[in-house]
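Step one of this worksheet: look at the structure below.
We count ligands from 1, going down the list as the structure has it; atoms in each ligand are counted the same way. Heavy-atom basis, side chains included; hydrogens, waters and symmetry copies ignored. Keep in mind that this is a model prediction, so the values were computed, not measured.
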Amino acid sequence: MGDSWELLERECRSCRECALCQTRKNVVFGVGNPHAEILMVGEGPGANEDEQGIPFVGRAGMLLDDMLAIIGLDRTMVYIANIVKCRPPGNRDPLNVEQDACIGYLRRQMALIQPEILVCLGRIAAMRLINDKFRITREHGVWYDGGGMRMMAMYHPSALLRDPSKRPETFDDMKSLQREIRRICTHTEPKRPW
Ligand code: URA
């Protein structure tokens, strides 16, 4: 039998494959358009996301919404998920063993969505989904092909909150994303030009 969103979400919400299930309040499954041509993947839920069960709802999420708005996108036009679906305590990086336990759910989401474009938000997602030696300072904004998608990484919004000097480079990466959307996406028309 084929996979479905219902089955996937049910399995994910009852998952006990790693220790993060013991400290989570909510599984943060993902949000957005299940038919999106653009998939954005962060690292893992923080405290606000764990409380609400929705990715990118804290300060980093507000900045992500602003970044999307710059190129005429909003959350209804993309799908947003994370490498791990449960909060790593104290906001530490997700361990490899936790990523390994969780990545299958994201792969199944990808198979259901079949996005044209994958945007990795930060180093952790890029190392897992583009290549394991990925260097975010050198390779952000660079386009790669893989898994039938165009893929690129940009700085994580939390990194931009910590270090605003990275924002101009991220603005350029967003413009590059907009050009790629216009080039290859058939049903995502950014709302207004920048
Ligand atoms: N940071 C992430 O990587 N993901 C979230 O959902 C929130 C903050």
Side-chain angles (χ1 to χ4, degrees), residues 8-9 12-13 15 17-21 23-34 36 38-70 73-110 113 115 117-132 134-137 139-141 151-164 166-167 169-170 173-174 177:
L8 177 55
E9 189 160 352
C12 205
R13 291 201 183 282
C15 180
E17 291 294 319
C18 83
L20 296 182
C21 70
T23 45
R24 74 178 174 224
K25 289 188 181 148
N26 282 294
V27 171
V28 179
F29 180 71
V31 72
N33 185 341
I38 304 133
L39 171 64
M40 309 193 91
V41 180
E43 157 180 337
N48 295 297
E49 291 76 21
D50 184 43
E51 282 290 339
Q52 297 184 41
I54 303 168
F56 285 100
V57 287
R59 281 181 70 217
M62 286 163 65
L63 181 54
L64 178 60
D65 288 340
D66 290 346
M67 287 159 61
L68 290 172
I70 285 172
L73 297 180
D74 62 37
R75 282 182 184 232
T76 67
M77 301 157 91
V78 301
Y79 195 91
I80 303 174
N82 281 305
I83 294 291
V84 296
K85 301 205 181 309
C86 299
R87 182 190 181 204
N91 295 344
R92 62 162 168 74
D93 289 350
L95 305 175
N96 275 333
V97 65
E98 294 159 353
Q99 295 184 34
D100 290 345
C102 206
I103 196 75
Y105 296 123
L106 180 65
R107 297 268 179 219
R108 286 168 65 188
Q109 286 174 306
M110 281 184 187
I113 300 168
I117 293 179
L118 169 69
V119 178
C120 296
L121 299 169
R123 173 182 70 88
I124 299 280
M127 288 176 72
R128 193 38 90 141
L129 299 174
I130 299 180
N131 85 65
D132 61 4
F134 197 92
R135 298 288 303 271
I136 193 80
T137 42
E139 294 175 86
H140 70 85
M151 309 187 288
M152 74 110 111
M154 54 181 74
Y155 285 117
H156 192 287
S158 301
L160 303 177
L161 289 171
R162 280 194 303 272
D163 180 2
K166 293 186 166 74
R167 290 188 186 203
E169 291 167 85
T170 305
D173 295 347
M174 292 303 296
L177 171 60

Legend entry - Presence of salt bridge, D173 and R167, under 4.0 angstrom: no

Contacting atoms of ligand 1, where contact means under 4.0 angstrom from a heavy atom of [X]:
{"X": "P55", "answer": "6 (O)"}
{"X": "H156", "answer": "1 (N), 2 (C), 3 (O)"}
{"X": "G42", "answer": "3 (O)"}

Inset, instruction - Determine whether the side chain, the backbone, both or neither of E43 has a heavy atom under 4.0 Å from any heavy atom of ligand 1. - result: both

Legend entry - Region of A60 engaging ligand 1 - heavy atom pairs below 4.0 Å: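 For A60, there is no contact with ligand 1 at all, from either part.
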
Inset, instruction - Measure the distance from atom 2 (C) of ligand 1 to every protein heavy atom, then report the residue, atom name and distance (to 0.1 Å) of the closest one. - result: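 Looking at atom 2 (C) of ligand 1, the protein heavy atom closest to it is G44 O, 3.1 Å.
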
Inset, instruction - For atom 4 (N) of ligand 1, grab the closest protein heavy atom and report residue, atom and distance to one decimal in Å. - result: N82 OD1, 2.8 Å

Using modelled atom types only, decide if a donor and an acceptor are shared between the side chain of [X] and the backbone of [Y] within a distance under 3.5 Å.
{"X": "N82", "Y": "K85", "answer": "no"}
{"X": "E49", "Y": "V57", "answer": "yes"}
{"X": "Q99", "Y": "P94", "answer": "yes"}
{"X": "D132", "Y": "M127", "answer": "no"}

Inset, instruction - Would you check whether F56 has a nitrogen or oxygen atom less than 3.5 angstrom from a nitrogen or oxygen atom of ligand 1? - result: yes

Legend entry - Between E43 and H156: side-chain donor-acceptor atoms closer than 3.5 Å: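 No, because no side-chain N or O of E43 sits under 3.5 Å from a partner of the opposite role on H156.
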
